[in-house]
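Here is the structure we will look at, set down as structure tokens.
Letters A, B, ... mirror the listed sequences (proteins, then strands); counts begin at 1. All values derive from a computational prediction rather than experimental measurement. Note that these values count all heavy atoms, side chains included, but never hydrogens, waters or copies made by symmetry.
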2 protein chains.
Amino acid sequence: MSLVEKNKMNGDLNKRLTTGGLRLTPQRQQVYDVLIQKRDHPTAEEVFIRAKQAMPDISMATVYNCLDALVQCGLVRQVQLERGATRFCPNMEEHCHYYCDECGTVFDVALTGNSAVVPRPKGFKIDHYEIAVHGLCASCAAKRKK
Amino acid sequence: MSLVEKNKMNGDLNKRLTTGGLRLTPQRQQVYDVLIQKRDHPTAEEVFIRAKQAMPDISMATVYNCLDALVQCGLVRQVQLERGATRFCPNMEEHCHYYCDECGTVFDVALTGNSAVVPRPKGFKIDHYEIAVHGLCASCAAKRKK
DNA sequence: TCCTAATTTGGAATTATTCTAAGTATTGAC
DNA sequence: GTCAATACTTAGAATAATTCCAAATTAGGA
Ligand SMILES: [Mn+2]
Ligand SMILES: [Mn+2]
Ligand SMILES: [Zn+2]
Ligand SMILES: [Zn+2]
């Protein structure tokens with residue numbers, strides 16, 4: 001990412017946070033950076049490991065706090081693909097998740113207008129929906145064939 | 001459920017289990033009964049509480065084991081709607097879950113042929129997909145309006 | 001009947017997360 | 001700038017949900 005892009009991003013990050021009475025701290029910035037730099041839906045633990053490389057004194061509790069703050073102000077979403085650790089995704093566009101049951105890779109696929117229309121049961125007020133597709137990623141599917 | 005239906009169900013249950021080298025035990029039958037009797041997607045804890053009413057000596061470990069056995073042989077599916085306890089669903093038809101973020105109710109809606117077609121990224125071998133719709137159930141939505 | 005493998009069970013261990021309380025940093029009124 | 005109020009970070013304790021373990025029990029087949 002260029003410096004210009006980064007500054008813009010931090011501006012947005014700041015605006016989003018402050019609107020909810022939150023502050024833009026170095027730790028929150030770092031955690032958000034980690035999520036933006038590698039959009040592979042890491043767990044809190046993985047975010048912690050990556051964040052520590054740039055910021056060795058950051059603590060696990062802070063990583064949880066930061067992730068929580070980012071989720072609160074709508075910059076990051078939580079994803080539950082299987083039982084176990086929650087994963088985090090900074091892509092706030094409408095998309096669905098493809099999860100490889102073999103190697104654990106996760107990737108996003110944008111939901112365009114006509115794809116995936118869910119039923120609208122009478123009276124139920126839909127807030128949002130999550131679509132998780134399980135299977136084998138291209139690479140694992142190829143290996144399996146051999 | 002009538003006795004005839006119940007016997008048939010146990011026959012199916014037995015066949016499904018034995019195909020995988022598993023046995024139809026009273027505990028497994030009880031756990032499955034609990035799921036069939038009230039299809040509200042209970043957690044393991046809730047299954048335990050309900051199963052104990054008919055079978056007071058059943059243990060939590062056994063409930064976990066039984067649920068696992070039922071999932072293994074394709075009679076029950078696990079559902080992750082939020083972080084926290086896994087829920088269990090005995091409906092093996094293709095359906096999506098509507099979850100009320102206010103009161104926690106969960107219900108199934110069948111997916112008919114044309115609804116919810118997910119993208120098929122090249123190379124990815126789809127096994128199955130999970131659709132979770134979050135929002136307010138009819139009753140909570142009505143209350144909210146007041 | 002006896003053997004073997006499957007199952008159940010209570011309790012210990014583990015995993016992921018949340019809570020707590022103390023210290024640190026930032027903001028904004030004066 | 002000073003000072004108080006508020007937000008934030010942190011280590012470690014506590015909790016929730018699940019998994020693991022090893023011993024006792026049960027059940028199907030020679
Ligand atoms: Mn995503
Ligand atoms: Mn269901
Ligand atoms: Zn894979
Ligand atoms: Zn509701």
Side-chain angles (χ1 to χ4, degrees), chain A residues 10 13-34 41-52 54-73 75-88 104, chain B residues 10 13-34 41-52 54-73 75-88 104:
Chain A
N10 287 343
L13 184 55
N14 192 25
K15 207 192 298 170
R16 272 302 184 109
L17 284 166
T18 48
T19 305
L22 302 172
R23 291 176 191 161
L24 176 53
T25 66
Q27 289 86 347
R28 285 174 182 170
Q29 204 157 148
Q30 180 58 49
V31 165
Y32 190 59
D33 270 9
V34 163
H41 304 78
T43 61
E45 177 91 43
E46 287 165 337
V47 171
F48 176 53
I49 291 166
R50 294 179 201 173
K52 260 213 296 211
M55 193 179 265
D57 291 340
I58 197 170
S59 75
M60 191 70 212
T62 298
V63 169
Y64 273 107
N65 289 341
C66 291
L67 287 169
D68 199 49
L70 295 169
V71 168
Q72 294 318 316
C73 67
L75 285 162
V76 165
R77 69 171 64 167
Q78 291 176 278
V79 189
Q80 288 291 330
L81 292 167
E82 355 102 80
R83 137 113 218 120
T86 302
R87 292 158 174 274
F88 295 86
Chain B
N10 286 342
L13 185 55
N14 192 23
K15 207 193 298 171
R16 272 300 183 109
L17 283 166
T18 49
T19 305
L22 302 172
R23 291 176 191 162
L24 177 52
T25 65
Q27 289 86 346
R28 285 175 181 167
Q29 205 158 150
Q30 180 58 49
V31 165
Y32 190 60
D33 270 10
V34 164
H41 303 79
T43 62
E45 178 90 44
E46 287 164 338
V47 171
F48 176 54
I49 291 166
R50 294 178 201 175
K52 261 212 296 212
M55 192 179 265
D57 290 340
I58 196 171
S59 76
M60 191 69 212
T62 297
V63 168
Y64 273 109
N65 290 340
C66 292
L67 288 169
D68 199 47
L70 294 170
V71 169
Q72 293 319 315
C73 66
L75 285 162
V76 165
R77 69 171 64 167
Q78 290 176 278
V79 189
Q80 288 292 330
L81 292 167
E82 356 100 82
R83 140 113 217 121
T86 301
R87 292 157 174 274
F88 295 86

| Rounded distance (nearest 0.5 Å) linking atom CZ of Arg77(A) with atom NE2 of His41(A) | 8.0 Å
| Is the shortest heavy-atom distance from the side chain of Leu67(B) to the side chain of Thr86(B) under 4.5 Å? | no
| request: Would you indicate, yes or no, if dT18(D) has its OP1 or OP2 atom less than 4.0 angstrom from a side-chain nitrogen or oxygen of Tyr64(B)? | output: yes
| Considering heavy-atom distances to DNA chain D, does Ala44(B) or Pro26(B) have its closest nucleotide positioned more toward the 5' end? | Ala44(B)
| said: Checking contacts here: which listed nucleotide (dT9(D), dT18(D), dT8(C)) is nearest the side-chain heavy atoms of Cys66(B)? | reply: dT8(C)
| said: For the backbone of Arg23(A) and the side chain of Arg28(A), can you confirm whether one donor and one acceptor N or O come within less than 3.5 Å of each other? | reply: yes
| On DNA chain C, nearest-nucleotide positions of Leu22(B) versus Arg83(B): which is more 5'? | Leu22(B)
| For the side chain of Ala85(A), counting heavy atoms from C-beta on, which of dA17(D), dT9(C), dT17(C) is nearest? | dT17(C)
| Matching residue for Gln72(B) among Leu70(B), Leu75(B), Asp68(B) - test: side-chain contact (heavy atoms from CB on, under 4.5 Å) | Asp68(B)
| Using a cut-off of 4.0 Å on non-hydrogen atoms, how would the nucleic acid contact of Asn65(B) be classed: base, sugar-phosphate, or nothing? | base
| said: So Ala61(B), base contact, sugar-phosphate only, or nothing? Heavy-atom distance under 4.0 Å. | reply: base
| remark: Taken to the nearest whole Å, CD/Glu45(B) to P/dT15(D) is 16 Å
| N or O in side chain of Arg28(A) less than 4.0 angstrom from dC8(D) OP1/OP2 | yes
| message | From CG of Leu67(A) over to P of dA16(C), roughly how many Å is that when rounded to an integer? | response | 15 Å
| note | Atom CD of Glu82(A) and atom P of dT19(D) are separated, to the nearest Å, by 12 Å
| remark: Residues Pro42(B) and Val47(B): closest non-hydrogen pair is CG-CG2, 3.7 Å
| field | Residue mapping more 5' on DNA chain C - nearest nucleotide basis, Gly21(B) or Phe88(A) | value | Gly21(B)
| task | Using a cut-off of strictly less than 4.0 Å, decide whether Thr43(A) has a side-chain nitrogen or oxygen near OP1 or OP2 of dA16(C). | result | no
| message | Checking contacts here: which listed nucleotide (dA11(D), dT27(C), dT17(C)) is nearest the side-chain heavy atoms of Ser59(A)? | response | dA11(D)
| Met60(A) has an atom CE; how far is it from atom P of dT20(C), in whole Å? | 19 Å
| note | Between CG of Asp68(B) and C1' of dC21(D) the distance, given in whole Å, is 16 Å
| query | Think Thr62(B) has a side-chain N or O under 4.0 angstrom from the OP1 or OP2 of dT8(C)? | reply | no
| query | Whole-Å distance between dA16(D) C1' and Phe48(B) CZ? | reply | 15 Å
| task | Using whole Å, report how far CD of Gln80(A) lies from P of dA16(D). | result | 18 Å
| note | Considering only heavy side-chain atoms of Thr86(B), the closest of dA16(C), dC8(D), dT18(D) is dT18(D)
| query | At under 4.0 Å, does any side-chain N or O of Gln27(A) touch on OP1 or OP2 of dA25(C)? | reply | no
| remark: From NZ of Lys52(A) across to P of dT10(D) the rounded distance in Å is 11 Å
| remark: The reported gap from OG1 in Thr62(A) to CD in Gln30(A) (rounded to nearest 0.5 angstrom) is 12.0 Å
